Amino acid sequence: MSLPKYDSNKVAIIGCGRVGMSTAFALLLRGIPNELLLIDRSEAKIKGEELDLEHGMSFLGHARVHASENYEDLKDTDVVIIAAGCSQKPGDTRLDLTDGNKKIIQDVIPKIVKYAPEAIIIIISNPVDILVYEAYKISGLPKGQIFGTGTTLDTSRFRFHLSEYLKVSPKSVHAYVLGEHGDSSFPAISGATVGGQSLLSMPNMTEEKAKNAYQKTRDAAYKIIASKGATYYAIAVAASDLVEAVLRNGQQVFPVSIPLHNYYGHSGVALSVPCIVGRSGVEQTIEIKLSWEEKQQLEKSVNTLKQFL
């Protein structure tokens, strides 16, 4: 049985650089929004983006695309995606972007709350965990209405690299990268499964191979940025999946960045843990079993992020 679609399905993207526009393209290709609003400081540039997308509509499902620099146009928006901000340069960590991008969050969140108080807000901009917590503090919105893409992409990368060893589809690998979307993230190997079996019990899989798959995952963004300057296609697909889960009340589990409230004893910080995502945003966090070592890695991630709050 197909899940219900909501009447307006209006999605707004704030920040229309490479990540924002790749996300817009992914959303339209999948036929997710009925209306797509592009907000950026340069209306002249995004008017061109609006036209470029509109000219493909005869090949896609119908959607209205509108470019604006006016936040009042957010009225009746169901999902707002924040992709605005400085991006990583070669040699930068995501945490190096904290000061500049935190100012952007402080500017845009009050405008979103004013004009679209019921919208689900999904943050892509980095450092996503810091920005999610900042947005949560200043918005006054209910828990779960704001969350970040977090380690959704890291998890996809991890599953892909594991699948190369396992010779199965990444979709059949159930393993998470949790914690910071950054260098203190960690793979939750102890609870990972493939077809109901423990990951480490599978043929051709060892703990060393699993850790090597994670190392490739952690280094992926640095390699891509060194090669072509930025990552944007994969995160756009991940973000479009999250938007679809919200609009169609998917009740799907994603490792997204959310403020913690006594998660394994941790509070006062946002980072990625498995969450059920539906029409209200993050509707539930799932406290999966972690080994002693993984609990220590979670604590390290918490302490790393708290230094930047």
Side-chain angles (χ1 to χ4, degrees), residues 11-24 37-46 49 67-74 77 79-117 119-143 145-151 153 180-184 221 225 229-232 235-236 239 256-260 268-272 281 301-309:
V11 179
I13 298 176
I14 298 174
C16 297
R18 287 176 290 193
V19 170
M21 290 314 303
S22 296
T23 302
L37 172 65
L38 308 175
I39 294 184
D40 198 272
R41 291 176 298 177
S42 173
E43 188 169 2
K45 172 186 175 295
I46 54 172
E49 300 283 15
S68 176
E69 57 183 11
N70 189 347
Y71 282 82
E72 292 181 18
D73 291 331
L74 286 171
T77 298
V79 179
V80 177
I81 299 168
I82 301 178
C86 303
S87 56
Q88 274 178 275
K89 298 179 177 63
D92 284 349
T93 69
R94 296 177 181 92
L95 290 171
D96 290 330
L97 309 175
T98 298
D99 292 342
N101 288 353
K102 190 184 279 190
K103 291 176 182 176
I104 293 172
I105 289 295
Q106 291 165 348
D107 177 54
V108 303
I109 287 296
K111 296 174 183 175
I112 297 170
V113 172
K114 180 178 180 180
Y115 295 112
I120 305 302
I121 301 172
I122 303 175
I123 298 176
I124 301 178
S125 308
N126 280 313
V128 65
D129 305 296
I130 302 297
L131 302 186
V132 166
Y133 198 70
E134 182 70 15
Y136 172 68
K137 286 194 302 182
I138 65 179
S139 69
L141 296 177
K143 176 187 173 184
Q145 193 171 336
I146 298 177
F147 63 94
T149 50
T151 57
L153 176 54
E180 178 200 357
H181 176 51
D183 292 343
S184 71
I225 290 167
T231 70
Y232 35 92
I235 187 59
V256 294
S257 182
I258 189 77
L260 300 187
V269 68
L271 49 69
S272 289
S301 218
V302 167
N303 291 337
T304 296
L305 289 167
K306 281 189 173 181
Q307 296 176 48
F308 291 84
L309 295 179

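These numbers come from a predicted model, not from an experiment. Computation of the quantities below employed the complete heavy-atom set of this structure, encompassing side-chain atoms and omitting hydrogens, waters and symmetry-equivalent molecules.
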Discussion item. Does L131 form a side-chain contact (heavy atoms from CB on, under 4.5 Å) with I82? I'd like the steps, not just the answer.
Written reply: CA-CA 10 Å; L131 302 186; I82 301 178; over 6 Å; no
Taking the side chain as every heavy atom from C-beta outward, state whether [X] and [Y] have any atom pair closer than 4.5 Å.
| X | Y | answer |
| --- | --- | --- |
| I39 | V108 | no |
| I123 | F147 | no |
| L260 | L271 | yes |
| I146 | S139 | yes |
| T231 | I225 | yes |
| I130 | L305 | yes |

When the side chains of residues 109-116 are checked against the rest of the protein, which donor-acceptor pairs come out under 3.5 Å, sequence neighbours left out?
| unit_1 | atom_1 | unit_2 | atom_2 | d |
| --- | --- | --- | --- | --- |
| K111 | NZ | D107 | OD1 | 3.3 |
| K111 | NZ | D107 | OD2 | 3.4 |

Got a sec, which residues hit side chain to side chain contact (heavy atoms under 4.5 Å, CB included) with [X], two or more places apart in sequence or on another chain?
| X | value |
| --- | --- |
| N70 | S68, E72, D73 |
| S184 | E180, S301, T304 |
| A236 | S22, T23, A26 |

Between [X] and [Y], is there a donor-acceptor pair closer than 3.5 Å when you use the side chain of the first and the backbone of the second?
| X | Y | result |
| --- | --- | --- |
| D40 | I46 | no |
| T151 | S272 | no |
| D129 | S257 | no |

In chain order, what residues pass the side-chain hydrogen bond (donor to acceptor under 3.5 Å, both in side chains) check against [X], with sequence neighbours excluded?
| X | value |
| --- | --- |
| K103 | none |
| Y133 | none |
| E49 | K45 |
| E69 | none |

Where [X] and [Y] come nearest, the two heavy atoms and their spacing:
| X | Y | answer |
| --- | --- | --- |
| P259 | V132 | CD-CG1, 3.9 Å |
| I104 | G85 | CD1-CA, 3.4 Å |
| C16 | L38 | SG-CB, 3.7 Å |
| I138 | Q106 | CD1-CA, 3.8 Å |

Worksheet entry | Rounded distance [0.5 Å steps], CD1 in I124 versus CD1 in I14 | 11.5 Å
Practice prompt. To the nearest 0.5 angstrom, please state how far the NZ atom of K102 sits from the CZ atom of F308.
Written response: 10.0 Å
Discussion item. Applying salt bridge (charged side-chain N to carboxylate O under 4.0 Å, His left out), can you list everything that pairs with K143, at least two apart in sequence or on another chain?
Written reply: none
Practice prompt. Please identify each residue that fulfils salt bridge (charged side-chain N to carboxylate O under 4.0 Å, His left out) with K306, with sequence neighbours left out.
Written response: none
